[in-house]
Amino acid sequence: MNRTDGKVALISGSARGLGAETARVFTQGGGKVLVADILDDVGKKTVEELKQAGADAAYVHLDVTSESDWENAVKTAVDTFGSLDVLVNNAGIFFTKRTEKMTLADWRLMTSVNLDGVFLGTKAALPALAESAAKAKVGSAIVNLSSVAGLTGARGASAYCMSKGGVRLYTKACALEFAQRRIRVNSVHPGLIDTDMGQLVIDSAARGNRSPDKVKQAMQSSHPIGRLGVPTDIANGVVYLASDDAAFMTGSELVIDGGSTAQ
Ligand SMILES: NC(=O)c1ccc[n+]([C@@H]2O[C@H](COP(=O)([O-])OP(=O)(O)OC[C@H]3O[C@@H](n4cnc5c(N)ncnc54)[C@H](O)[C@@H]3O)[C@@H](O)[C@H]2O)c1
């Protein structure tokens, strides 16, 4: 399972968190990875760690809101590794703000990273993904990071929910559009995962009068499995969807949330 031998992945927002762990699992399966982020020092350190573990990895600066950065990232993947087989649209931001306090600039910030970023990445990678799909046994793959907040509402997080709900249906529409070109497109919907963003979710919920520890405990018990997720829980699912094991999956949503949306 989860073999990625010979495949090349470009993962946005992979300097840290779920993206960095996905890079680690992808390369453990035999694939090569282009780590891409705005956090250049952190991203370069991640690549060094991957290389020390024997992986084939490189770093490129990528602001997902920039069309020219995306074009450069795709070109770097092809120039460095010879092809592009997998795109993981992982970069994302999170904040909570009640509607009456939210400015149009806040709304557009969320849209620009979490939605424009996914569209621009998909558009830029499409020619290279189609080219490698034509030569591959199964085809190419795009995996988009949505969220459980793309399935159900979350109080105070309307802009985030809007963006992740958008990613969910953009994924399905692209799956239909690209199926004939043998490019599969699926979304992943994590519950609360222990990363910098996961901590931000806890701190945002604690704002006011509750302690972050108490909020964390409450959130743990809202996941029937009884714990928060760890990055490997999500990376394993992303790499599965990127691998040929998921050959008959496209337009699907993989929920990895410890059962939180099953209740
Ligand atoms: N952690 C969770 O609980 C959780 C739950 C559901 C969904 N997700 C989603 O998973 C993805 C990864 O989340 P994470 O927990 O690793 O978050 P994180 O904040 O730990 O890491 C996100 C990464 O994205 C990068 N990034 C942000 N803006 C960028 C931009 N404009 N261009 C390029 N890179 C940018 C950051 O620098 C960072 O390296 C996000 O899309 C997030 O919405 C996370």
Side-chain angles (χ1 to χ4, degrees), residues 8-23 26 32-47 50 57-95 97 102-132 140-147 150 159-160 162-171 173-174 177-178 183 185 187-188 195-197 200 238 242:
V8 177
L10 165 54
I11 308 176
S12 71
S14 50
R16 70 179 189 201
L18 303 186
E21 183 61 7
T22 300
F26 192 88
K32 302 166 191 178
V33 78
L34 184 61
V35 171
D37 209 294
I38 45 174
L39 300 176
D40 295 334
D41 291 343
V42 185
K44 285 174 189 167
K45 193 162 166 271
T46 297
V47 166
L50 290 169
Y59 178 77
V60 69
H61 176 86
L62 168 69
D63 179 344
V64 294
T65 67
S66 160
E67 196 159 14
S68 58
D69 275 12
W70 268 115
E71 280 158 13
N72 179 55
V74 171
K75 185 175 180 314
T76 304
V78 174
D79 289 351
T80 309
F81 300 119
S83 67
L84 180 65
D85 309 291
V86 173
L87 170 68
V88 183
N89 281 310
N90 166 81
I93 58 168
F94 171 88
F95 59 78
K97 226 165 212 190
M102 191 154 30
T103 64
L104 187 55
D106 293 328
W107 180 266
R108 286 187 171 151
L109 172 64
M110 188 67 85
T111 310
S112 70
V113 179
N114 290 11
L115 280 173
D116 296 359
V118 176
F119 158 65
L120 291 174
T122 303
K123 186 176 178 191
L126 197 51
L129 291 173
E131 195 181 327
S132 80
S140 305
I142 300 175
V143 184
N144 293 329
L145 268 289
S146 178
S147 169
Y160 186 72
M162 166 280 295
S163 71
K164 293 303 182 178
V167 168
R168 172 176 174 264
L169 279 182
Y170 180 66
T171 299
C174 286
E177 198 176 321
F178 307 156
I183 303 169
V185 195
S187 58
V188 173
T195 64
D196 289 62
M197 185 184 287
L200 186 60
V238 173

Can you list the residues that meet the side-chain contact (heavy atoms from CB on, under 4.5 Å) rule with E67, with sequence neighbours excluded? E71, L120, K123
Test salt bridge (charged side-chain N to carboxylate O under 4.0 Å, His left out) applied to E131 - qualifying residues, sequence neighbours left out: K135
Nearest 0.5 Å, please: how far is CD1 in I93 from OG in S112? 6.0 Å
Across all chains, not counting sequence neighbours, the side-chain hydrogen bond (donor to acceptor under 3.5 Å, both in side chains) partners of Y59 are D40
Before giving the answer on side-chain contact (heavy atoms from CB on, under 4.5 Å), spell out for L145 and V167 the whole-Å C-alpha distance, their side-chain angles and the decisive distance to 0.1 Å. CA-CA 8 Å; L145 268 289; V167 168; over 6 Å; no
Output a table of donor-acceptor pairs, distance under 3.5 Å, between side-chain atoms of residues 83-92 and any protein atom two or more places apart or on a different chain; print 'none' if there are none.
unit_1 : atom_1 : unit_2 : atom_2 : d
S83    : OG     : D85    : OD2    : 3.3
D85    : OD1    : S132   : OG     : 3.1
D85    : OD2    : V8     : N      : 2.7
N89    : ND2    : T122   : OG1    : 3.4
N89    : ND2    : N144   : OD1    : 2.9
N90    : ND2    : S12    : O      : 3.1
N90    : ND2    : G13    : O      : 3.0

How far apart are the C-alpha atoms of I183 and L126, what are their side-chain angles, what is the distance that settles it, and do they pass the side-chain contact (heavy atoms from CB on, under 4.5 Å) test? CA-CA 9 Å; I183 303 169; L126 197 51; 3.7 Å; yes
Closest heavy-atom pair and its distance - A242, F26: CB-CE1, 4.2 Å
Partners of A73 by side-chain contact (heavy atoms from CB on, under 4.5 Å), sequence neighbours excluded? L10, V60, L62
List in chain and number order the residues that pass side-chain contact (heavy atoms from CB on, under 4.5 Å) with F94, two or more places apart in sequence or in another chain; answer none if no residue qualifies. T96, A157, Y160, M197, L200, V201, S204
What pairs with K75 under salt bridge (charged side-chain N to carboxylate O under 4.0 Å, His left out), at least two apart in sequence or on another chain? D79
Is a side-chain N or O of S146 found less than 3.5 angstrom from the main chain of K164, in a donor-acceptor match? yes
Residue set satisfying salt bridge (charged side-chain N to carboxylate O under 4.0 Å, His left out) with D41, at least two apart, ordered chain then number -> none
Just grab all the salt bridge (charged side-chain N to carboxylate O under 4.0 Å, His left out) pairs involving residues 104-120, residues at least two apart or on different chains. K97-D106
Between L115 and M162, is any pair of side-chain heavy atoms under 4.5 Å apart? yes
How close do R168 and S187 get, heavy atom to heavy atom, and via which atoms? CA-OG, 4.5 Å
Closest heavy-atom pair, W70 versus A124, reported as atoms and distance to 0.1 Å, is CB-CB, 3.8 Å
Please list all pairs meeting side chain to side chain donor-acceptor pair (under 3.5 Å) that have one or both residues in residues 13-23, counting only residues at least two apart or in different chains. E21-R24, E21-T232
Please name the pair of heavy atoms, one in G17 and one in T195, separated by the smallest distance, quoted to 0.1 Å. CA-CG2, 4.0 Å
A side-chain contact here means heavy atoms from C-beta on lying under 4.5 Å apart; do I11 and V35 qualify? no
Evaluate the side-chain proximity of V42 to D37: yes if any heavy-atom separation is below 4.5 Å, no if none is. no
